[in-house]
Amino acid sequence: MEKPRISVIGMGFVGLVTATCLANKGYKVIATTLESELVEKVNKGIAPFYEKDLDELLKSVVSEGNLEASLDNKHAVLNSEISLVSVGTPMLEDRSIDLSYINICSLEIGEGLKEKQEYHLIVDRSTIIPGTTRNMIGKNIEKVSGKKMGKDFGLCMQPEFLREGSAIFDTLHPNRIVIGELDKKSGDVLENLWKEFYSGEDIPLLRMNIESAEMVKYANNCFLATKVGFAMDIARICELMPDMDVKDVMRGVGLDDRISPKFLNAGAGFGGSCFPKDVNAIINFARTRNFKPKILTSVLDVNDFQAKHMVDIAEELAGKLEGRRVTLLGLSFKPNTDDMREAPSIRIVSELLSRGIFDIIGYDPKAKETAKKVFRKRIKYAKSIEEALKDSECVILITEWDEFKTLTPGDFKKHMKIPNVVDGRRIYDYEKFHKEINFRSIGRI
Ligand code: UGA
């Protein structure tokens, strides 16, 4: 059977990684974006952001002619049988979801379908509040194309579960596929695509209606964020008495296979383009229907408060930090990415500045350039760990990059003016560090 041609609308993490992985398995893919710079880069085989292994894979699929980047959604639709929609759905000022890219691209998909005779399947991969696939994407396409969903074109919602930093691995080895379908034919076409793509692999595949699939994504991210929030709450309790250690507590708890050890690391807080945005969006969705989700609201409170708590710990350890140099190790929202969206470092810098602490120097192995766009001249940027530690009176470790894990108490003593270290990710051996330098960590006093 001939492989269907695919268009991928949106070239962020999800879109570009999906497009590249499909092209690498021999599918003809057209990926689109609104940004001409991005099109130019991708057509030269250059990854526009840092993601493990993406550069290499992209170079090869572009040179083989399997992936074309374009600005033109109509062209993409007319030259494919299936369109995967993965445009951004960022957070608005009021913390609700911004659906404007979904709105625009579905109108453009409609323009393409207007000129097309054959059946076409549209699959939403973006995280969108329940009801949006049917009521915005489906209806916009009907309005512009004059065609009927379920008859002339198919409609599905397939939530995406990939993580930044391991996006290619996650795309090639998903732990499940969830298909929300308008009707059986739409679901069958999508199931066939993935069965062929993952042939030989045993991946659980669930089929359900569109709205439930939209909610699977929110419930999934909300649960993971809740696990992390829960761990931070338990960490605070562990800090109320000497010798209780959240790391050991969560190791014990995680061995219960009803709970699992994953996402139980209490740290400087969760960030990224998904957890804060999605928890906020679904709270907002519920509120507009007169329900206030209490657990999720508390999860956000715990996360927001963690930045203040980190700076409290730093000042308990080092004394008032106003007028003294503070070093931030790690600025990205997690290791192996240069993404700064909703990173805990942003909240920590705001807290430091609000306390009059202006001599801040940050070091991050990959996120220096993105951090400069966020903080501008409000902090200084070091080129190395040594430079970041020089003259410093307090280190706050925010992101657990591998290169920080090998630092010893001696390194901090050697380079810092006074070795005060706050381990916000529990990467250091508590007993060892506590004996040799002024040391505090999340979840243990
Ligand atoms: C998350 C989900 O894990 C993916 O399944 C989902 O597809 C994605 O959102 C999305 O909706 O697109 P991601 O944002 O890449 O992926 O990052 P995670 O690895 O989940 O980490 C999120 C945040 O939680 C990070 O700031 C991380 O430091 C924090 N975290 C995670 C903890 O503080 N403790 C933990 O134990 C785990």
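Between K74 and E111, none of the side-chain N atoms (NZ, or NE/NH1/NH2) sits under 4.0 Å from a carboxylate O, so this pair counts as no salt bridge. The pair K405-D402 meets the salt-bridge criterion, with a side-chain N (NZ, NE, NH1 or NH2) lying under 4.0 Å from an Asp/Glu carboxylate O. Using a cutoff of 4.0 Å between basic side-chain nitrogens and carboxylate oxygens, E342 and K277 are not scored as salt-bridged. One finds no salt bridge joining K368 and D338 here, because no Lys/Arg side-chain nitrogen approaches an Asp/Glu carboxylate oxygen to under 4.0 Å. Ionic pairing of D429 and K247 is not present here: no N-O contact between side-chain nitrogen and carboxylate oxygen is shorter than 4.0 angstrom. Checked for salt-bridge contact, K334 and E164 miss the test: no charged N lies under 4.0 Å from a carboxylate O.
Looking at F161 and R176, their side chains come closer than 4.5 Å, going by heavy atoms from C-beta outward. Put simply, the side chain of L162 reaches to within 4.5 Å of the side chain of V14, judged on heavy atoms. Using a 4.5 Å heavy-atom cutoff, the side chains of H309 and I442 are in contact. In this structure, the side chains of L397 and V421 stay at 4.5 Å or more apart for every pair of heavy atoms. With contacts defined as side-chain heavy-atom distances shorter than 4.5 Å, the pair S106/V85 does not qualify. Looking only at side-chain heavy atoms (C-beta outward), I282 and D278 stay at 4.5 Å or farther from each other. R444 has its side chain within reach of R426: a pair of non-hydrogen atoms, C-beta onward, lies under 4.5 Å apart. No side-chain heavy atom of N140 sits under 4.5 Å from any side-chain heavy atom of V144.
The minimum heavy-atom distance linking T89 with S126 is given by the pair CG2-CB, 4.1 Å. For the pair F275 and G271, the tightest heavy-atom approach, listed with the atom from each and the gap, is CB-O, 4.3 Å. Here the closest heavy-atom approach between residue N221 and residue C274 is recorded as ND2-CB, 3.7 Å. Here the closest non-hydrogen pair linking G254 and L264 is CA-CD1, 4.0 Å. Contact detail for L155 and L121: the closest heavy-atom pair is N-CD1, 3.7 Å. In plain terms, the two heavy atoms of A69 and N43 that are nearest each other are N-OD1, 2.8 Å.
For A23, the side-chain contact (heavy atoms from CB on, under 4.5 Å) test picks out V29, V61, N66, L67, with sequence neighbours left out. Every residue was checked against the salt bridge (charged side-chain N to carboxylate O under 4.0 Å, His left out) condition with R95, not counting sequence neighbours, and none meets it. Under the side-chain contact (heavy atoms from CB on, under 4.5 Å) criterion, V374 pairs with M340, I346, not counting sequence neighbours. By the salt bridge (charged side-chain N to carboxylate O under 4.0 Å, His left out) test, R378 pairs with no residue at all, sequence neighbours left out. Considering only residues two or more places apart in sequence or on other chains, D339 meets the salt bridge (charged side-chain N to carboxylate O under 4.0 Å, His left out) condition with R341. The side-chain contact (heavy atoms from CB on, under 4.5 Å) test applied to S212 returns M208, N209, not counting sequence neighbours. Take T399 and apply the side-chain contact (heavy atoms from CB on, under 4.5 Å) test, not counting sequence neighbours, and it matches S332, P335, W401. For K116, there are no salt bridge (charged side-chain N to carboxylate O under 4.0 Å, His left out) partners, not counting sequence neighbours.
For the atom pair OG1 of T133 and CG of N135, the computed distance is 9.0 Å after rounding to the nearest 0.5 Å. Rounded to the nearest 0.5 Å, atoms CG (D423) and CZ (R440) are 11.5 Å apart. Atoms CE and CZ, from M416 and R325 in turn, are 11.0 Å apart once rounded to the nearest 0.5 Å. How far SG of C394 is from CG of L328: 9.0 Å, rounded to the nearest 0.5 Å. The line from SG of C21 to CG of L58 is 10.5 Å long, rounded to the nearest 0.5 Å. Separating the CG atom in L407 from the CD1 atom in I427 is a distance of 7.5 Å, to the nearest 0.5 Å.
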Run the side-chain contact (heavy atoms from CB on, under 4.5 Å) check on L113 and I122 step by step: do they pass? CA-CA 10 Å; L113 286 195; I122 294 99; 3.8 Å; yes
Y363 and T327: CA distance, side-chain angles, deciding distance, side-chain contact (heavy atoms from CB on, under 4.5 Å) verdict: CA-CA 8 Å; Y363 171 73; T327 301; 5.8 Å; no
CA sep, side-chain torsions, deciding dist, call: M157, L182, side-chain contact (heavy atoms from CB on, under 4.5 Å): CA-CA 9 Å; M157 194 280 159; L182 177 77; over 6 Å; no
Starting from the C-alpha separation in whole Å, work towards a yes-or-no answer on side-chain contact (heavy atoms from CB on, under 4.5 Å) for I141 and M149. CA-CA 8 Å; I141 296 174; M149 58 177 131; over 6 Å; no
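Using the six-membered ring where Trp is involved, W194 and Y198 have ring planes that are tilted, between 30° and 60° apart.
Checking side-chain atoms of N280 against main-chain N and O of P276 turns up a donor-acceptor pair under 3.5 Å. A distance-only check finds a donor-acceptor pair linking the side chain of K217 to the backbone of E160 [under 3.5 Å]. E214 contributes a side-chain N or O that, together with a main-chain N or O of G131, makes up a donor-acceptor pair within less than 3.5 Å. At distances below 3.5 Å, at least one donor-acceptor pair connects side-chain atoms of D170 with backbone N or O atoms of R163. In this structure, the side chain of K25 engages the main chain of F197 through a donor-acceptor pair within 3.5 Å. Looking at N220, its side chain never comes within 3.5 Å of a backbone N or O of V216 through a donor-acceptor pair.
Listed by first and then second residue, the ring-ring contact (aromatic ring centres under 6.0 Å, His included) pairs that reach into residues 39-79 are F13-F49, sequence neighbours excluded. The ring-ring contact (aromatic ring centres under 6.0 Å, His included) analysis of residues 19-45, with sequence neighbours excluded, yields no pairs. Residue pairs meeting the salt bridge (Lys or Arg N to Asp or Glu O under 4.0 Å) criterion with at least one partner in residues 248-272, sequence neighbours excluded, are D248-R251, D256-R258. Sorted by first and then second residue, the pairs that involve residues 169-191 and meet ring-ring contact (aromatic ring centres under 6.0 Å, His included), not counting sequence neighbours, are F169-H173.
For the 3.5 Å distance criterion, the side chains of T408 and D411 qualify, holding a donor opposite an acceptor. A donor-acceptor contact under 3.5 angstrom links the side chains of D183 and S186, judged on distance only. With no hydrogens or angles considered, a side-chain donor-acceptor pair links D98 and S100 at under 3.5 Å.
Counting heavy atoms of neighbouring residues, nucleotides and ligands inside a 6.0 Å radius, atom CG of L34 does not exceed 12 of them. For L206, the CG atom sits in a packed shell: over 12 heavy atoms of surrounding residues, nucleotides or ligands are nearer than 6.0 Å. By the 6.0 Å contact criterion, OH on Y430 is enclosed, its count of non-hydrogen atoms from other residues, nucleotides or ligands being greater than 12.
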